Amino acid sequence: MSGERSLSQLVAEQSVIVCAGSGGVGKTTTAAVLALEAARQGRRAVVVTIDPAKRLADTLGIASLSNQAARIEGRWAGELWALMLDTKSTFDDLVTTYANDRGQAQRILENRFYRNISGALSGTQEYMAGEKLYELHELGAETPEGTRARFDLVVVDTPPTRNALDFLDASRRLTAFLDHRVYRMLMAPTRAYMRAVNVAAQAFLRSVGRVVGGEVLDDALAFFSAFEGMEDGFRARADRVQALLGASGTSFVLVASPRRDTVEEAAYFAGKLLATDLSVAGLVVNRMHPRFGAGAPGADRARAATLAGTTIGTLYANLADFHDMADGEERHLAGLAASVAPAPMVRVPFLAEDVHDLGTLEQVARHLFGR
Amino acid sequence: MDPASFLHASRVVIVAGKGGVGKTTVTAALARMAAREGLSTLVLEVEGKSGIAGLFGKPGLVYDEAVLAPAGGGAAEIRGRTLTPDDALLEYLEDHGLKRVSKRLVATGAMDVVATAAPGIKDILLLGKVKQLERAGQAGAVAPDGTAPADLIVLDAPAAGHAITFLLSARALLDAVRVGPVSTQARDVLELLTDPRRCQVVLVTLPEETPVNELVETAFHLEDRVGVSLGPVVVNGVYPVLDDLQADPEAAAAAAGTTLGPGEVTALAAAARFRAVRQRLQADQLVRLADALPLPQLQLPFLFRSDLGPADVDLLADALRDAVQAAPTASRSTG
């Protein structure tokens, strides 16, 4: 049970860390800092980012979409690599891998319906993040000598979906979508037990065809037809990705901010992880307001009131503002700490500047790893 | 800018921005501001779980319109409803006689196939529903339950990247589907989005580097690729500026004839230093934003409360009104 390990220990011992949580809470930054720490510890680490801020991307040397991990030069004992996930390319690579021959792969890759999937089917990006994680974990990356070396640690940033669970659910959704049963149902009214549904489905298709435009559904049917035979390979692959997510060497680190909505999202995710026998190994709460002192709530506010109009009054009012804010934030976090215990909860305060270079990443690291 | 003119400029306001910048709070403040000006307002939540009902002291929004704030004291009514892309697709199919099979088709995954075959269809249908509500407003039609349509519709848009695809969907679908009822929908939606008298997009950000970068990118993207009219930009969470933060606490205390308790010097000074640093950081970002985008900036104060409620929304509505009043008239053409 990984619950009692510090973040530093997780980074030292685990082979996969998944950072999950709402958007806008500093997940990408956290993922980068975790990978950086592993590199400092002498490990060979890679961080998979989804949509990094431009300047962080520059720091990590991933200024543009590149599905290949690239190494970042720096003064650390191990290695730090990074990549920005290219959902479409990752999917294309999968198709190429599991197609029976080049012809089948071509038919699919050129199909318009297929090209829509990455963008239109929710969960695809999440699935490809898991897929890329699996690939990096199994195959590592090429060394300058031309050999492949596996990574000691793969850190994954997850897409900023409203429902953080989309990541866990992604493989099931995609494989359900690609399942030949859907195609059969839509196309072939020959299976008796499906007939009633098929009749309705056929009628639906005709109506939708009128509504949406016949050619787009032709593309869909062509895709499913071309894809036939590949479902098993895809499903087996998805099963292996899921197995990796559930392996003992994989940890989930939740990232939140003290806002009610991100806390609720993190708590929800922790609960769901528990239900699937996975566990939260750590919780990082970014963007905390510092409290500045142990003054009783209200005491400084009262002082500010009696000293209103003076400079010292302003300073007291300012202090009281931060007391109120910090106390409120702690109240939001109370339940959350309990729901992830015994996993550690680490608070990271607002920093003086935007975090996007090695110096500011190190400042975050000091808080995460208690330096 | 005259607040009344601002509010009457477009019947639909889409509030958009990256996740975490406070779109929902701004939506609530805008609705409250409008209601105070006498405009009955309909708030639309698109992603679900936005928490906007909580800002009005109510439990969550549902599919049917519900009152968030009743009319009274000179203010008009605020109503809200939730509208998801899945709902919009199902409703569209029901309207086309496919209700009986639609649920089963969702369960079997066929609906996903349709949505993938016509990417953006759910977003278009959702925006089509908004267009329907906006048209009802123009026509002054009365709903079956006797309610008059709202004067103003405020849509709390999906977060960030998705907001662009959400608004881009109409153009994208028109490329794929040339004829038929759905392409007509797409065309109608585009007409709505690109007519400043009917719709404007208000982008929201925080006074921080990454959110500002993303807002600027989104703004140019939306103008170039969708052709929407951009309203003023709202900057949320701006620390009210305090001037005396550099003062030495002990000297300031002496000047006021009071003394400080143990540890208070450190606490007061540290809090002041932090505030000063954040203020400066924010001020820099506000300048960056103004340099990058020639749109009026409406600043909303950071409220040092971790939970916002109706009273805070009132405060923010006042601040929004003041900011609109103080802002220069938008230079956007309405042609």
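Here is the naming used below: chain letters follow the sequence lines, and residue numbers restart at 1 for every chain. Predicted, not measured: the structure shown is a model, and the values here were computed from it.
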(message) Out of B/Asn213, B/Thr210, B/Leu268, return the one with the most heavy atom pairs under 4.5 angstrom to chain A.
(response) B/Leu268
(request) List the steps, then state whether side-chain contact (heavy atoms from CB on, under 4.5 Å) holds for B/Asp307 with A/Arg260. (result) CA-CA 7 Å; B/Asp307 267 313; A/Arg260 173 174 294 265; 2.8 Å; yes
(request) Could you tell me which portion of A/His323 (side chain, backbone, both or neither) has an atom closer than 4.5 angstrom to a non-hydrogen atom of chain B? (result) neither
(request) Could you have a look at A/Ala320, A/Pro349, A/Gly328 and say which one has the most heavy-atom pairs with chain B under 4.5 angstrom? (result) A/Gly328
(request) Measure the shortest side-chain to side-chain distance between B/Phe302 and A/Met325 over non-hydrogen atoms and say whether it is less than 4.5 angstrom. (result) yes
(request) Would you confirm whether A/Asn116, through its side chain, and B/Thr116, through its main-chain N or O, come within 3.5 Å as a donor-acceptor pair? (result) yes
(message) Only pairs of heavy atoms separated by less than 4.5 Å count here; which of A/Thr314, A/Thr306, A/Thr262 has the most with chain B?
(response) A/Thr314
(request) Specify the closest pair of heavy atoms between B/Ala247 and A/Leu315, including all atoms of both residues, with the distance to one decimal. (result) O-CD1, 4.1 Å
(request) Applying side-chain contact (heavy atoms from CB on, under 4.5 Å), run through B/Glu209 and A/Arg55 and close with a yes or a no. (result) CA-CA 10 Å; B/Glu209 186 169 334; A/Arg55 292 180 70 172; 2.4 Å; yes
(message) Which atoms of A/Leu307 are under 4.5 Å from chain B, going by heavy atoms: the side chain, the backbone, both sets, or neither?
(response) side chain
(request) Measure A/Phe350 against the heavy atoms of chain B and call it side chain, backbone, both or neither at under 4.5 Å. (result) both
(message) Under 4.5 Å from any heavy atom of chain B, what part of A/Asp300 do you find: side chain, backbone, both or neither?
(response) side chain
(message) Let's test your reading of the structure: which of A/Leu121, A/Leu56, A/Thr310, A/Asp327 forms the most heavy-atom pairs below 4.5 Å with chain B?
(response) A/Leu121
(request) Would you mind checking which part of B/Glu208 comes under 4.5 Å of any heavy atom in chain A, side chain (CB onward), backbone (N, CA, C, O), both or neither? (result) side chain
(request) Kindly indicate whether the side chain of B/Leu260, heavy atoms from C-beta on, has any atom under 4.5 Å from the side chain of A/Ile312. (result) yes
(request) Please look at A/Arg287 and chain B and tell me whether the side chain, the backbone, both or neither of the residue comes under 4.5 angstrom of a heavy atom of that chain. (result) side chain
(request) Could you please state which residues from residues 270-282 of chain B sit under 4.5 angstrom from chain A, measuring non-hydrogen atom to non-hydrogen atom, sorted by number, or 'none'? (result) B/Ala270, B/Ala271, B/Ala272, B/Phe274, B/Arg275, B/Val277, B/Arg278, B/Leu281
(request) Answer with side chain, backbone, both or neither: which region of B/Leu303 has an atom nearer than 4.5 Å to a non-hydrogen atom of chain A? (result) backbone
(request) Using a cut-off of under 4.5 Å on heavy-atom pairs, state which of A/Leu319, A/Val25, A/Asn318, A/Asp324 scores highest against chain B. (result) A/Asn318
(message) Distance check, rounded to the nearest 0.5 Å: A/Glu329 atom CD versus B/Ser306 atom OG?
(response) 6.5 Å
(request) Sorted by first residue and then second, give each side-chain hydrogen bond (donor to acceptor under 3.5 Å, both in side chains) pair with at least one member in residues 258-268 of chain B; sequence neighbours left out. (result) A/Arg303-B/Thr258, A/Tyr316-B/Glu264
(request) Please round to the nearest 0.5 Å and tell me the distance separating atom CG of B/Asp112 and atom CG of A/Leu174. (result) 10.0 Å
